[in-house]
Every structure is written in C-alpha cells, then in structure tokens.
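One-based numbering along the sequence shown.
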Amino acid sequence: MNQPDYGVLLDDEIWAYMRRSDEFYPPDAVGLTIEDQRAVYNKMSAAFHQTQPDGVQTWDVTFGGVPCRRYEVGTSDITVVYYHGGGFVVGGLASHDDVCAEICAGTGYRVISVDYGLAPEVIFPGCFNDAYGAFQAIAAEYAGGIVLVGDSAGGNLAAAVAHHARGRIDGRIKGQVLIYPGLGGDPEQGSYVRHANAPQLTVADMAFYQQVRSGGEPPKGDPRYAPLHATDFTGLPPSVMITAECDPLSSDGEAYRDAVLAAGGQAIWVEEPGLVHGYLRARVMSQKAAVSFDRILRAISALGAGDW
C-alpha cells in the first residue's frame with residue numbers, strides 16, 4: 001500500500017501544531033527513559049495548557065482510593081468520568097486539566113478526571129482496576145446519569161469500564177464518547193497499515209506502549225485490556241467514536257461502531273479529516289481540531305441529556 005502524503009493530507013495549522021509539539025515531545029520520545037518521557041510530556045502539556053474558563057471550580061479528591069479532580073460550574077445531575085490519554089505510561093490530572101475544565105464549562109456537567117496508575121509501576125490489570133474502582137465510587141457518590149469519556153489510552157479505559165459495568169451498574173451510564181481510542185483492533189487492516197508511520201503516533205510507538213502496559217506479552221481475549229476482543233457487545237450504552245484520519249488507531253472507531261450496531265446497540269463513528277492522534281491539544285491552533293472539539297462537547301451534552 002502506498003504511504004499517504006501527509007504534506008497534502010495535513011494543513012498548515014496542523015503542521016504548525018506538530019512542530020510546536022515536537023519542540024517539547026520529540027517523535028523519538030519512546031527511546032527515552034520512562035522518567036524522561038514523563039518529564040517532556042508534562043512540559044508539552046504545560047506549554048499548551050489553556051486558562052480555566054470562568055465559573056469552573058475544581059477540587060482534588062479521591063474516589064475508590066484513586067486520586068481524581070472534580071470540576072463543577074453549577075449543580076448538575078450528570079457526571080462525566082474522564083480518563084486521560086498517554087499510552088498508559090504518561091499523563092495525569094495536569095495534562096488534561098484544561099480539556100476537562102472546558103468540557104465542564106461547555107456542557108454544564110460535573111466532570112471527574114481519574115488519575116489511574118501508570119505503567120510500568122502499575123501494569124495491567126492495575127490501570128483498569130483503578131479506572132473501574134474510581135467509577136464505582138463515583139457512581140455511589142452521585143445518583144444521576146454518567147457519561148464515560150476518554151482519549152487514546154483513556155478511550156480504551158472508558159470502553160473497558162462500560163463493558164465491565166453491564167450487569168453490575170445498569171442504567172446509570174448514559175453513553176460513552178471515545179476520542180481516538182486504542183481498542184485492540186486488527187493490526188493488519190485499515191488505518192493500522194495505511195497510517196502505520198503517521199505523525200504523532202506510529203504502530204511501533206503503540207507496540208512499545210503495549211509492552212510496557214502489559215509488563216511483557218499483551219493478554220489475548222480480555223476486554224478489560226482490549227474492548228474489541230470482547231465476544232459480547234450487547235447492552236452497551238450509546239457510543240460515539242471520534243477519530244483522526246491520519247492515525248493508525250482510526251479503524252478501531254469504525255470496528256467498535258460496527259460491533260455495537262451488529263449487537264443491536266446505538267453507535268456513531270466520525271473520522272475527522274486532516275487530523276492526527278492527540279489533536280485535542282491542537283484545538284487552539286487548528287480550526288479543524290476546534291470544530292472536532294466542539295463536536296465532542298455536543299456529543300457529551302447530547303448523551304447526558306438522553307438525546308441520541
């Protein structure tokens with residue numbers, strides 16, 4: 001398969017964003033030590049961090065023994081549980097602080113960001129256990145509906161929580177919004193092949209993160225690790241998958257949509273043209289990323305309101 005021409009597919013705004021991103025988090029960052037990867041990722045996140053919207057209040061709290069950050073702009077019956085990206089290796093409450101604050105301001109919903117344990121200190125299933133344990137405690141604390149949201153690795157966790165919650169916490173999850181998630185799709189098809197060497201994330205990068213996350217050989221057939229490895233997709237909440245065209249993970253959104261629809265559920269997949277993995281951070285530099293972030297906010301709002 002011919003390699004895509006990213007000079008054509010990506011516009012000047014995205015190239016400018018990627019150059020700025022690479023100043024802090026270079027394309028070969030996976031070659032650094034884990035400690036150094038986290039340091040450069042944190043610097044990059046701080047460089048792109050936006051001012052908190054007016055009216056949003058935050059508290060650092062703990063749910064299920066997991067550090068979390070709560071955002072509120074007023075009273076709400078809906079709680080958004082947010083899982084950040086970072087390959088299960090980098091990221092935390094600070095890296096996605098502004099995104100969560102803007103989701104809170106844009107929807108009016110309570111947002112709780114979950115600081116699950118990172119690999120290699122916490123290997124699978126530790127990160128999932130943190131994600132689900134925090135979710136259980138949040139559901140016990142707040143009686144209203146819940147919308148699960150996550151980007152990249154966090155999209156994986158959000159979907160894994162939605163799968164595991166069936167039969168345990170029924171009727172509470174109003175929907176899930178998965179932003180360029182890694183769900184364990186077929187690595188020999190679609191975007192995995194076409195965009196294997198895409199800017200911002202490559203298949204080789206993904207293999208590194210999987211090895212660190214699993215502590216060796218990734219498990220097979222475990223939907224807590226890879227939601228697309230599930231054998232049952234019935235009973236899942238309404239699902240919105242939003243992916244980037246120039247991202248090896250894009251086909252996961254399509255495959256997950258198809259699996260949910262085939263099981264009789266509700267699902268939509270949107271592939272954003274001309275965008276790359278991690279583009280949430282580009283929303284103030286790229287019109288395309290800004291439009292997509294607005295789409296994400298509207299999806300969260302609609303699911304929380306029960307408006308499919």
| Any side-chain heavy atom of Val40 within less than 4.5 Å of one from Leu32? | yes

| message | Whether the Ser250 and Ser191 side chains hold a donor-acceptor pair (N or O, under 3.5 Å, no angle test) is what I'd like checked. | response | no

| field | Short side-chain donor-acceptor distance under 3.5 Å, Asp151 and His96 | value | yes

| query | Would a 4.5 Å heavy-atom cut-off, applied to side chains only, mark Val240 and Gln176 as touching? | reply | no

| field | Partner residues of Asp205 under the side-chain contact (heavy atoms from CB on, under 4.5 Å) criterion, sequence neighbours left out | value | Val30, Leu201, Thr202, Tyr209

| Taking the side chain as C-beta and beyond, is there a heavy-atom pair between Val147 and Val81 under 4.5 Å? | no

| said: Run the side-chain contact (heavy atoms from CB on, under 4.5 Å) test on Gln57 and Arg70 for me, step by step, so that the C-alpha distance in whole Å, both residues' side-chain angles and the decisive distance to 0.1 Å come before the verdict. | reply: CA-CA 8 Å; Gln57 294 183 288; Arg70 186 174 96 239; over 6 Å; no

| said: For Pro248 versus His195, what's the shortest heavy-atom pair and its separation? | reply: CD-O, 3.4 Å

| task | Verify, without hydrogens or angle tests, whether Gln52 (side chain) and Val56 (backbone) share a donor-acceptor contact under 3.5 angstrom. | result | yes

| field | Residue pair Pro219 / Ser214, side-chain heavy-atom distance below 4.5 Å | value | yes

| said: So, taking the atom named CZ in Arg224 and the one named NE2 in His164, what distance separates them when rounded to the nearest 0.5 Å? | reply: 7.0 Å

| Crowded around Glu121 CD? As in, over 12 foreign heavy atoms under 6.0 Å? | yes

| Do side-chain atoms of Glu245 reach the backbone of Leu275 as a donor and acceptor pair under 3.5 angstrom? | no

| message | Donor-acceptor check, side chain of Thr107 to backbone of Ile103, threshold 3.5 angstrom: yes or no? | response | yes

| Hey, quick one: are Val99 and Ile296 part of the same hydrophobic cluster, counting side-chain heavy atoms closer than 4.5 Å, chains of contacts allowed? | yes

| message | According to a hydrophobic-cluster definition based on side-chain heavy atoms being under 4.5 Å apart (Ile, Leu, Val, Met, Phe, Trp, Tyr only), do Leu297 and Val270 belong together? | response | yes

| field | Heavy-atom pair of closest approach, residues Asp54 and Val73 | value | O-CG2, 4.5 Å

| said: Let me check something: do Ile268 and Leu303 share a hydrophobic cluster, defined by ILVMFWY side-chain heavy atoms less than 4.5 Å apart, either directly or through other members? | reply: yes

| task | Please round to the nearest 0.5 Å and tell me the distance separating atom OH of Tyr71 and atom CD of Glu102. | result | 10.5 Å

| query | What are the two closest non-hydrogen atoms of Pro187 and Val193, and how far apart are they? | reply | O-CG2, 4.2 Å

| message | Please check: side-chain N/O of Arg283 versus main-chain N/O of Tyr279, any donor-acceptor pairing under 3.5 Å? | response | no

| field | By side-chain contact (heavy atoms from CB on, under 4.5 Å) - contacts of Pro120 (at least two apart) | value | Ile34, Arg38, Val212

| message | What I want to find out is whether Asp77 reaches Lys174 closely enough, with some N-O distance under 4.0 Å, to be called a salt bridge. | response | no

| message | Same cluster or not: Val122 versus Phe88, using hydrophobic residues (I, L, V, M, F, W, Y) connected whenever any side-chain heavy atoms lie under 4.5 Å apart? | response | no

| field | Spacing of Cys100 atom SG and Leu93 atom CG [to the nearest 0.5 Å] | value | 8.5 Å

| said: Quick test of your reading of the model: are Arg69 and Asp97 salt-bridged, counting only N-O distances below 4.0 Å? | reply: yes

| said: Within this structure, what is the CD-CZ distance for the pair Gln37 and Phe208, rounded to the nearest 0.5 Å? | reply: 4.5 Å

| field | Point-to-point distance, once rounded to the nearest 0.5 Å, from OG of Ser292 to CD of Glu271 | value | 11.0 Å

| request: Under the side-chain contact (heavy atoms from CB on, under 4.5 Å) rule, collect the residues that match up with Ala137, sequence neighbours excluded. | output: Phe63

| query | Nearest heavy-atom pair of Ser21 and Met44: which atoms, and what distance? | reply | OG-SD, 3.2 Å

| query | Is it true that a side-chain atom of His229 and a backbone atom of Gly184 form a donor plus acceptor pair closer than 3.5 Å? | reply | yes

| Looking only at atom types and distance, does a side-chain atom of Thr33 sit under 3.5 Å from a main-chain N or O of Asp36, one as donor and one as acceptor? | yes

| request: For Ile169 and Phe135, run side-chain contact (heavy atoms from CB on, under 4.5 Å): C-alpha distance rounded to whole Å, both residues' side-chain angles, the deciding distance at 0.1 Å, then the answer. | output: CA-CA 10 Å; Ile169 303 179; Phe135 163 77; 3.3 Å; yes

| For Tyr192 and Gly185, which heavy atoms make the closest approach, and how far apart are they? | OH-N, 3.4 Å

| query | If you round to the nearest 0.5 Å, how far is CD of Gln200 from OG of Ser152? | reply | 11.5 Å

| For the student: nearest non-hydrogen atoms of Pro181 and Thr243, plus distance | CD-CG2, 4.1 Å

| request: Would you indicate whether the side-chain heavy atoms of His84 and Tyr116 approach each other to under 4.5 Å? | output: yes

| task | Kindly say whether Ile78 contributes a backbone atom to a donor-acceptor pair with the side chain of Ser76 at under 3.5 angstrom? | result | yes

| query | So which of Thr79, Val80, Val66 actually passes side chain to side chain contact (heavy atoms under 4.5 Å, CB included) with Ile138? | reply | Thr79

| query | Regarding Arg20 and the six-membered ring of Phe48, is the cationic atom NZ or CZ under 6.0 Å from the ring centre and inside 45° of its axis? | reply | yes

| Would you say Asp98's side chain and Gln50's backbone share a donor-acceptor pair under 3.5 angstrom? | yes

| said: Could you walk me through whether Ser95 and Tyr41 satisfy the side-chain contact (heavy atoms from CB on, under 4.5 Å) test, starting with their C-alpha distance in whole Å, then the side-chain angles of each, then the deciding distance to 0.1 Å, before giving a yes or no? | reply: CA-CA 8 Å; Ser95 65; Tyr41 186 85; 3.7 Å; yes

| Remaining members of the apolar cluster that contains Val291, side-chain heavy atoms under 4.5 Å | none

| said: Run the side-chain contact (heavy atoms from CB on, under 4.5 Å) test against Asp186 and tell me which residues pass, sequence neighbours left out. | reply: Glu188, Gln189

| said: If you define the side chain from C-beta out and look only at heavy atoms, does anything of Lys288 sit under 4.5 Å from Ile14? | reply: no

| task | Evaluate the side-chain contact (heavy atoms from CB on, under 4.5 Å) criterion for residues Tyr180 and Ile242: first the C-alpha distance (whole Å), next the side-chain angles of each, then the deciding distance (0.1 Å), finally the verdict. | result | CA-CA 6 Å; Tyr180 39 79; Ile242 300 180; over 6 Å; no

| query | When Ile, Leu, Val, Met, Phe, Trp and Tyr are grouped by side-chain heavy atoms lying under 4.5 Å apart, directly or through other members, which residues fall in the same group as Leu236? | reply | Leu178, Leu183, Leu228, Phe233, Met241, Tyr256, Val260, Trp269

| message | Would you say Asn156 and Tyr83 are linked by a side-chain donor-acceptor pair, where the criterion is simply a distance under 3.5 Å? | response | no

| With hydrophobic residues grouped by side-chain heavy-atom distances under 4.5 Å, do Val111 and Leu157 end up in a single group? | no

| When you measure from the centre of the six-membered ring of Tyr142, is the NZ or CZ of Arg110 under 6.0 Å away and within 45° of the axis? | yes

| Tyr225 six-ring face occupied by Arg213 cation (under 6.0 Å, within 45°) | yes

